[in-house]
There are 2 protein chains.
Amino acid sequence: MAGKPNSRETVLDTASKLFFKQGYHGTGLNQIIKESCCPKGSLYYYFPEGKEELALQCIDRSKRIVADKWKDVFERVPDPVRAVQRFIENMAEDAQATDFEGFIPFSFWMAVETSAISDSLRAACQSVLAEWLHIISGRLLKEGLQEQLATETAEVLLSMLEGALILAQTNRDTRHILLISKYAGLMLNEVLGRSQT
Amino acid sequence: MAGKPNSRETVLDTASKLFFKQGYHGTGLNQIIKESCCPKGSLYYYFPEGKEELALQCIDRSKRIVADKWKDVFERVPDPVRAVQRFIENMAEDAQATDFEGFIPFSFWMAVETSAISDSLRAACQSVLAEWLHIISGRLLKEGLQEQLATETAEVLLSMLEGALILAQTNRDTRHILLISKYAGLMLNEVLGRSQT
DNA sequence: CAAATTATAGTGATCGGTCTACATATTATA
DNA sequence: TATAATATGTAGACCGATCACTATAATTTG
C-alpha cells in the first residue's frame, strides 16, 4: 500500500487467478498481459525466465497465502475442530462470492498438470502440500495426538478438501465443500477422542 | 478383437492417456496423431468436430469404464466396505504399475480445466460424477442406509479419493491412496453402524 | 546522467483445423 | 461375373492464428 500498486504484484495476482482457473497451458501470456495491464516488456523484466518462472512464483505465493490462512484460523479459533471447519466454510464462501472463479489459491488441481511439465514446478507443488500438511498436523500434535496419527489425519483432511473442491468446481455447487466441513468435524472429534455432539 | 484393431479405439486410448496426464490444453492434436499413429485425416473423419468432440468422447468413455469397475467390484466383493477398499487398492496398484502416468481414467482433475472451456464439456464431467456417485450410494442404500446418508457418504468418499489422487500424483507416492482406503473403511464401518475391527 | 521500467514490433514454432488426393472396401447394375 | 458407383478410411500438405519469447527503443525515475 505504498501508494504505488506495484506492477509486479498485479501481474502475480492476475496470473494466479488465471492459472488456477484455466490451468497452465490454458493461460496465455497475452491474456495475463491484457488483464493485468502490464506490458510484455515489464513482464519479462520482472520474470526474465518467462512463463515457467511466473507460474513458479504464483505457486510459491499461494503456498504462503494459504499457510497464513491456516495459521490465522488456528490462532483465532482455539478449538482445532472448529478452526478447521471455519477454514473450510470460508473456502465455500469465497467460492460462492467469486462464482467459482476467484477462490484461488487453494484448489490444487493445477499441481497435477504442472507436475507433468518440469521438475522444478513439481518440486514447488510438493513443497506447498508439505507446508500445509505440516501446519495442520502441527496443530493436531499440540492437542496431544501422536505423530503418525496427526500426520495421517492431516493428510486425509487435505485429501477430502481438495477432492471436494474438484466436485464443487465441476458442479458449481458449494454443497460439496460444506459437506466436508461436517465430516471433517466428525473425523477430528473421533480422532481426538471426543464424544460426538 | 475382430482382428482389426479399430483405429478409432486406438485414438481414444491414446488421447485419453494424454488428456488425463497432461490436461486438455497441454495435449496437442499433433501429439495424439503421432503417438496413436493415426493420421490427421482419419482423426477428423472419426471426430469431425475436432479436439473438443474427441475430449468429450474420452470423458464419456472414462465414465463408462470406471462405472464398470465399480459395478464389478461390488459384484465380486459382497461386503461393501471391503469392496470400496478393494477398488481403492486397485487404483494404487495401477498408479504404481504405470508410474503415475497411465492410471487413467479415474483422476478427475481434468474436470476443472475442461469445465472452464465449454458448457458441453462441463456437462459431461458433471454427468460422470453423478453416475459414479449413483453407483456408490446405490450400493449403500442396499445396506439399509437412508437415502440422504447414503448420498452424503458416497460424496465424501469420492472427495477423499479424488483428493488423494491429487496428492499421490503430486508426490508420486501411492501412500496417500492407501491411506484413504484405510480411512474410508473406518468411515463406512461407522456409518453402517458396525463396531470397528 | 544512469538505472529502472515501459512499450512494441517482430521472431520462429506450434496450435487446431481445412483441404484435396488417394487407396481400399462394399454395393449396384449389366 | 465384370465393372461402375459409392462409401469408408488413409495420408499429409497447407492455412491463419496464436504461442512463448526476443530485441530494441522510448520513457520515467532517482
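Chain letters run A, B, ... following the sequence lines, proteins first and then strands; every chain starts at 1.
- With rounding to whole Å, B/Ile32 atom CD1 is found 11 Å from C/dC15 atom P.
- Residue B/Lys34 contributes atom NZ, which lies 16 Å from atom C1' of D/dA11 at whole-angstrom precision.
- Every residue meeting the side-chain hydrogen bond (donor to acceptor under 3.5 Å, both in side chains) condition with A/Glu155, not counting sequence neighbours, appears here in chain and number order: B/Arg175, B/His176.
- Checked against A/Phe108 for a ring-ring contact (aromatic ring centres under 6.0 Å, His included), the options A/Phe20, A/Trp132, A/Phe19 give a single hit: A/Trp132.
- For the pair B/Lys51 NZ and C/dG16 C1', the interatomic distance rounds to 8 Å; values are reported in whole Å.
- We find that NE2 of A/His25 is positioned 14 Å from C1' of D/dT18, with the value rounded to whole Å.
- Under 3.5 Å, the side chains of A/Gln126 and B/Thr170 contain no donor-acceptor pair of N or O atoms.
- The CZ-P distance, from B/Arg8 to D/dT8, rounds to 14 Å in whole Å.
- In this structure, the CD atom of B/Gln31 is 10 Å from the P atom of C/dG16, given to the nearest Å.
- Judged purely by distance below 3.5 Å, without hydrogens or angles, the side chains of B/Asn30 and B/Lys40 pair a donor atom with an acceptor atom.
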Under 3.5 Å, side-chain donor or acceptor atoms of residues 73-83 of chain A against the rest of the protein: list the pairs with distances, not counting sequence neighbours.
from: A/Arg76; atom 1: NH1; to: A/Asp72; atom 2: OD1; distance (Å): 3.1
from: A/Asp79; atom 1: OD1; to: A/Arg194; atom 2: NH1; distance (Å): 3.0
from: A/Asp79; atom 1: OD1; to: A/Arg194; atom 2: NH2; distance (Å): 2.9
from: A/Asp79; atom 1: OD2; to: A/Arg82; atom 2: N; distance (Å): 3.0
from: A/Arg82; atom 1: NH1; to: A/Gln85; atom 2: OE1; distance (Å): 3.0

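- Here D/dA13 presents its P atom at 17 Å from CG of B/Leu29, a figure rounded to the nearest Å.
- Judged purely by atom type and a 3.5 angstrom limit, A/Glu113 uses its side chain to pair as donor or acceptor with the backbone of A/Tyr24.
- OP1 or OP2 of D/dC19 has at least one side-chain nitrogen or oxygen of A/Asn30 nearer than 4.0 Å.
- For D/dT10, one of the phosphate oxygens OP1 or OP2 lies less than 4.0 angstrom from a side-chain nitrogen or oxygen of B/Tyr46.
- For DNA chain C, the neighbouring residues in residues 35-44 of chain A, judged by any heavy atom under 4.0 Å, are A/Pro39, A/Lys40, A/Gly41, A/Ser42.
- Distance B/Leu54 CG to C/dG17 P: 10 Å, rounded to the nearest Å.
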